[in-house]
Amino acid sequence: MVASMPKRRAQGVFIPLCTALVLVYIGRRAAFIQVSAPSSLPTPAVNNDASASRSSTLRMFLPALLGSVQAVPAYAEKGVTEAWGTNLDGSPDDLHTGGVEWEDIVVGKGFPPVRGKLCAVEFVAKAFYREREVIVDDTAGKPRDYRFGVGQLLPGMDEGIRTMKTGGQRRLKIPGRLAFGDKAVPPAAGRPQLPPMTPLEVTVKLMFVPGYDDDPNDEPTFR
């Protein structure tokens, strides 16, 4: 009698446990059948309400989700300049050899610069020397006039603004050979001397192309 008590206790625990497991299995099976049942079978009104609720929720959030995807801004235009090949007189162009990385910040809608003609630009040119940012030149928001493409600007600046249009702003990464080349940049107030072949980063705005922007009958073309 004493020896049989543990067995009865074990049976008393085992049978309810089995029953509970069977009920759980039946409940899960019923839920599976309910979810995977064909739509032609009648379903309780509660499920219809739940389906309607899910459908209305999807209808409410799907346009917002699609709108958020469409609202992602597109990447700006960017690229690398190519060699110009020849000068205006047809001789080989050994200055504009290509390799300036550019990225538009603002795309202009006016006229591009014309080789040999004046253009007005604003820019900030900086270099990184000994882990320090150095301002090489800054127009301080005042346009400067340069004759485009004939050596008045750094070759890398010429290349970088060639495909811009007035009103545009662009970021340039100019390799050292298209900046000051094998010449050192002399020291100035607040600026150390920079060694030859120092690359530059320039943020430039093309402000005006005299003789073209002021003619409403002229059509923008790259020259």
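Heavy-atom basis, side chains included; hydrogens, waters and symmetry copies ignored. Sequential numbering from 1 along the given sequence is applied to the chain's residues.
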Report all side-chain donor-acceptor pairs from residues 198-209 shorter than 3.5 Å, counting only partners two or more places apart or in another chain.
unit_1	atom_1	unit_2	atom_2	d
T198	OG1	P195	O	2.5

Does [X] have any salt bridge (Lys or Arg N to Asp or Glu O under 4.0 Å) partners at least two apart in sequence or in another chain, and if so, which?
X	value
D145	none
D137	R144
K126	E133

G99 backbone acceptor or donor facing T81 side chain under 3.5 Å: yes
Under 3.5 Å donor-acceptor, E103 side chain and K78 backbone: no
Check: V100 and P175 side chains under 4.5 Å, non-hydrogen atoms: yes
Step-by-step side chain to side chain contact (heavy atoms under 4.5 Å, CB included) determination, T139 to V124: CA-CA 7 Å; T139 63; V124 178; 5.9 Å; no
Between [X] and [Y], is there a shared hydrophobic cluster once you connect ILVMFWY residues whose side-chain heavy atoms come closer than 4.5 Å?
X	Y	result
L178	V134	yes
V114	F111	yes
L172	V121	yes

Contact list for residues 84-110, test ring pair (Phe, Tyr, Trp, His ring centres under 6.0 Å), sequence neighbours left out: W84-H96, W84-F148
Pairs involving residues 173-184, ordered by first then second residue, that meet side chain to side chain donor-acceptor pair (under 3.5 Å) (sequence neighbours left out): T97-R177
Might you point out which heavy atoms bring [X] and [Y] nearest each other, and give the distance in Å?
X	Y	value
R132	P192	NH1-CD, 3.8 Å
C119	P210	CA-CD, 4.1 Å
R170	G160	NH1-O, 2.8 Å

Test log, rule side chain to side chain contact (heavy atoms under 4.5 Å, CB included), inputs V136 and F180: CA-CA 11 Å; V136 178; F180 295 98; 4.0 Å; yes
Results of side chain to side chain donor-acceptor pair (under 3.5 Å) for R171 - residues two or more places apart only: none
Taking side chain to side chain contact (heavy atoms under 4.5 Å, CB included) as the definition, give me every residue that meets it alongside [X], ordered by chain and number, with sequence neighbours left out.
X	result
V107	D104
A188	R191
R130	none
L153	Y146, M157, D158, I161

Pairs touching residues 79-95 that satisfy salt bridge (Lys or Arg N to Asp or Glu O under 4.0 Å), sequence neighbours left out: D93-R115
Distance, nearest 0.5 Å, that separates CD of E77 from CD1 of I105: 14.0 Å
